[in-house]
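Residue numbers run from 1 in the order of the sequence given. Every value quoted in this text rests on a predicted model; they were computed, and no experiment measured them.
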Amino acid sequence: MHGDKKVFQKMREQGMDLAVLTNGANIKYVSGFDVPFWPAWMGDVSNGIPMVTAVVDAENEKVQLVSSDMYRNKIIRSGITDAATFRSFTHLETNDVDLNYDGTLSKVLGEMAGGKEKPVVGIEPNFTVEHTLSVIKKVLPACIIENVSQIMIDSRYIKTPEDIRGLAEAARVADAAQERLYEISQNEGNYTEMDIWFEVQKAASKAAGCLTPFVGELVTGPNTGLSDYPLGPTCRKVEKGDIAIMDISPRVNGYWGDCSNSVVFWAKPDEEQLRYFRAVKDAFDAGLEAIYPGRTFKEVNSIMEEQYKKHNMTFCSYQGHQIGCNVNENPRFTYVDDSVIEENMVVCIEPQMYTGKSGKTGVRLERMLHITSNGAVPLNKFPWGIH
């Protein structure tokens with residue numbers, strides 16, 4: 001079942017007629033449109049109005065986008081031809097973007113309510129701006145407002161085949177960046193952290209075929225011993241023998257990748273670096289083997305923790321999460337999350353360990369994993385940076 005079908009079904013089960021979505025991840029999920037990550041000046045001239053709103057009609061299984069005309073062509077290129085657009089900006093005439101949004105959203109809501117006197121309308125309280133809510137109440141004054149957030153969470157919980165393909169593509173793009181980091185670590189050169197960051201960003205965008213939104217951390221040398229994410233990249237010059245952590249999240253067609261690696265630049269790892277890498281790698285391997293449908297997230301967390309104890313180290317951080325149209329989704333690998341692992345989840349495990357101020361070493365290893373009936377299958381293919 002495709003994502004929008006799951007949302008329609010769950011809305012009907014809960015007696016919800018319409019949903020009005022402004023959260024970009026949820027808009028992607030129900031419509032397929034990848035809301036741009038950086039609105040920049042387009043957002044400025046839209047005056048804070050949601051640049052894309054999705055109105056979901058459960059009964060007729062329809063999703064209608066209400067979009068700034070700034071995104072008209074991008075929406076058409078994505079295969080959607082019936083979006084309702086409002087004028088955000090023009091230099092040719094007087095323009096009121098608030099009124100334009102009100103009029104367009106009002107028309108769509110009126111049409112999709114289908115004459116219902118008291119429709120039940122779902123909103124996302126943590127994302128719905130007051131302006132959007134005021135339009136809903138003006139057009140549908142007798143409507144019943146409910147929270148649609150849990151419906152969206154439940155719908156997105158188990159990944160569809162389309163989701164898994166999208167996440168695998170994001171993992172491939174992330175691999176290109178991690179492979180570039182590894183390549184640099186094997187060939188001595190003159191780099192700052194920022195130089196390397198630009199190189200791995202370039203590799204990711206080249207793999208994706210377009211400029212790719214890209215967030216995360218690259219930290220080298222003694223600062224890797226600290227866990228105060230993010231500590232880099234900075235203009236620090238990389239030195240021979242430095243260990244590095246690179247944790248990256250590229251966003252590809254509305255899906256996020258997330259992975260982490262540790263490398264040592266232009267030298268063999270020293271005793272401390274090897275000790276920390278082996279502890280974290282053992283935790284990763286134990287987690288990978290432990291993940292299968294029916295086991296809980298907190299059980300896997302405890303199994304991974306046991307590996308640290310074998311290395312006389314103390315557990316210091318949570319160890320992973322699910323991933324999808326958001327980079328860090330529930331459930332998470334913690335002491336308290338008793339959610340059950342299910343087939344067709346996509347998760348990341350990211351064991352990590354740091355010396356703290358007493359040392360100069362940190363290691364974080366992370367890959368994306370597709371949960372199958374036979375266990376976890378890694379989506380990332382990049383090589384670990386220390387062997």
Arg165 NZ/CZ over Tyr255 ring centroid, <6.0 Å and within 45° of normal: no
Ring centre gap for Trp384 and Phe284 strictly below 6.0 Å: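 Yes, ring centres under 6.0 Å apart.
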In terms of hydrophobic clusters joined by side-chain contacts under 4.5 Å, are [X] and [Y] together?
| X | Y | value |
| --- | --- | --- |
| Ile291 | Met345 | yes |
| Ile49 | Leu109 | yes |
| Val340 | Ile158 | no |
| Val139 | Val121 | yes |
| Val238 | Val219 | no |

Please determine whether a side-chain nitrogen of the Lys or Arg among [X] and [Y] lies less than 4.0 Å from a carboxylate oxygen of the Asp or Glu.
| X | Y | value |
| --- | --- | --- |
| Asp34 | Arg251 | yes |
| Arg275 | Glu272 | no |
| Glu199 | Lys202 | yes |

Does [X] reach the side chain of [Y], with side-chain heavy atoms less than 4.5 Å apart?
| X | Y | result |
| --- | --- | --- |
| Tyr308 | Pro351 | yes |
| Lys309 | Glu306 | yes |
| Arg367 | Leu288 | no |
| Leu105 | Val55 | yes |
| Ile371 | Glu342 | no |
| Pro50 | Val129 | yes |
| Asn126 | Ser149 | no |
| Leu18 | Lys116 | no |

Given side chain to side chain contact (heavy atoms under 4.5 Å, CB included), test Phe214 with Val200 step by step and report yes or no. CA-CA 10 Å; Phe214 189 101; Val200 299; 4.1 Å; yes
Supply the atom-to-atom distance [X] [atom1] to [Y] [atom2], rounded to the nearest 0.5 angstrom.
| X | Y | atom1 | atom2 | answer |
| --- | --- | --- | --- | --- |
| Gln352 | Tyr318 | CD | OH | 7.5 Å |
| Ser67 | Ile76 | OG | CD1 | 10.0 Å |
| Glu305 | Cys316 | CD | SG | 10.5 Å |
| Asp154 | Lys10 | CG | NZ | 5.5 Å |
| Ser185 | Trp266 | OG | CH2 | 9.0 Å |
| Asp195 | Cys235 | CG | SG | 8.5 Å |

Could you tell me which non-hydrogen atom of [X] sits nearest to which non-hydrogen atom of [Y], and how far apart they are?
| X | Y | answer |
| --- | --- | --- |
| Glu366 | His321 | OE2-NE2, 3.4 Å |
| Ala174 | Ile248 | O-CD1, 3.7 Å |
| Val264 | Gly241 | CG1-O, 3.8 Å |
| His311 | Asp282 | NE2-OD2, 2.8 Å |
| Leu140 | Pro119 | CD1-CG, 4.0 Å |
| Pro36 | Lys74 | CG-CE, 3.7 Å |

Val35 and Lys28: side chain to side chain contact (heavy atoms under 4.5 Å, CB included), yes or no, with the steps? CA-CA 7 Å; Val35 181; Lys28 163 65 182 179; 5.9 Å; no
Okay, side chain of [X], backbone of [Y]: is any donor-acceptor separation there less than 3.5 Å?
| X | Y | answer |
| --- | --- | --- |
| Glu124 | Asn23 | yes |
| Glu169 | Gly166 | no |
| Asn380 | Met368 | yes |
| Ser262 | Arg364 | yes |
| Thr355 | Lys360 | yes |
| Lys6 | Ser155 | yes |
| Arg12 | Ala58 | yes |
| Asp337 | Arg332 | yes |
| Asn301 | Lys298 | no |
| Glu146 | Ile144 | no |

Report the relative orientation of the aromatic rings in [X] and [Y]; use parallel for angles under 30°, tilted for 30 to 60°, perpendicular for over 60°.
| X | Y | answer |
| --- | --- | --- |
| Tyr182 | His387 | perpendicular |
| Phe315 | Tyr335 | perpendicular |
| Phe33 | Tyr71 | tilted |

Could you go step by step and tell me if Asn223 and Arg236 meet the side chain to side chain donor-acceptor pair (under 3.5 Å) rule? CA-CA 10 Å; Asn223 280 343; Arg236 179 185 183 274; over 6 Å; no
Can you list the steps and then say if Lys107 with Thr104 is a side chain to side chain contact (heavy atoms under 4.5 Å, CB included)? CA-CA 5 Å; Lys107 184 175 185 294; Thr104 306; 5.9 Å; no
Dump the intermediate steps for side chain to side chain donor-acceptor pair (under 3.5 Å) on Thr53 and Tyr101, then the final yes or no. CA-CA 10 Å; Thr53 302; Tyr101 175 77; 3.2 Å; yes
For Gln322 and Tyr157, what are the C-alpha separation, side-chain angles and deciding distance, and is it a side chain to side chain donor-acceptor pair (under 3.5 Å)? CA-CA 9 Å; Gln322 192 168 204; Tyr157 194 74; 5.7 Å; no
In this structure, which one of Asp96, Asp69, Asp98 forms a salt bridge (Lys or Arg N to Asp or Glu O under 4.0 Å) with Arg87?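 Looking at Asp96, Asp69, Asp98, the match for Arg87 under the salt bridge (Lys or Arg N to Asp or Glu O under 4.0 Å) is Asp69.
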Counting only heavy atoms not in Asn253, do more than 12 fall under 6.0 Å of its CG?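 At most 12 heavy atoms, drawn from other residues, nucleotides or ligands, come within 6.0 Å of this atom.
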Check step by step if side chain to side chain contact (heavy atoms under 4.5 Å, CB included) holds for Met194 and Thr234. CA-CA 6 Å; Met194 291 294 291; Thr234 69; 5.7 Å; no
For Ser88 and Ser46: C-alpha separation, side-chain torsions, deciding distance, then whether side chain to side chain donor-acceptor pair (under 3.5 Å) applies. CA-CA 5 Å; Ser88 280; Ser46 294; 2.8 Å; yes
Go through the steps for Lys62 and Glu111 under the test salt bridge (Lys or Arg N to Asp or Glu O under 4.0 Å), then give the verdict. CA-CA 12 Å; Lys62 181 179 180 181; Glu111 292 172 350; 6.0 Å; no
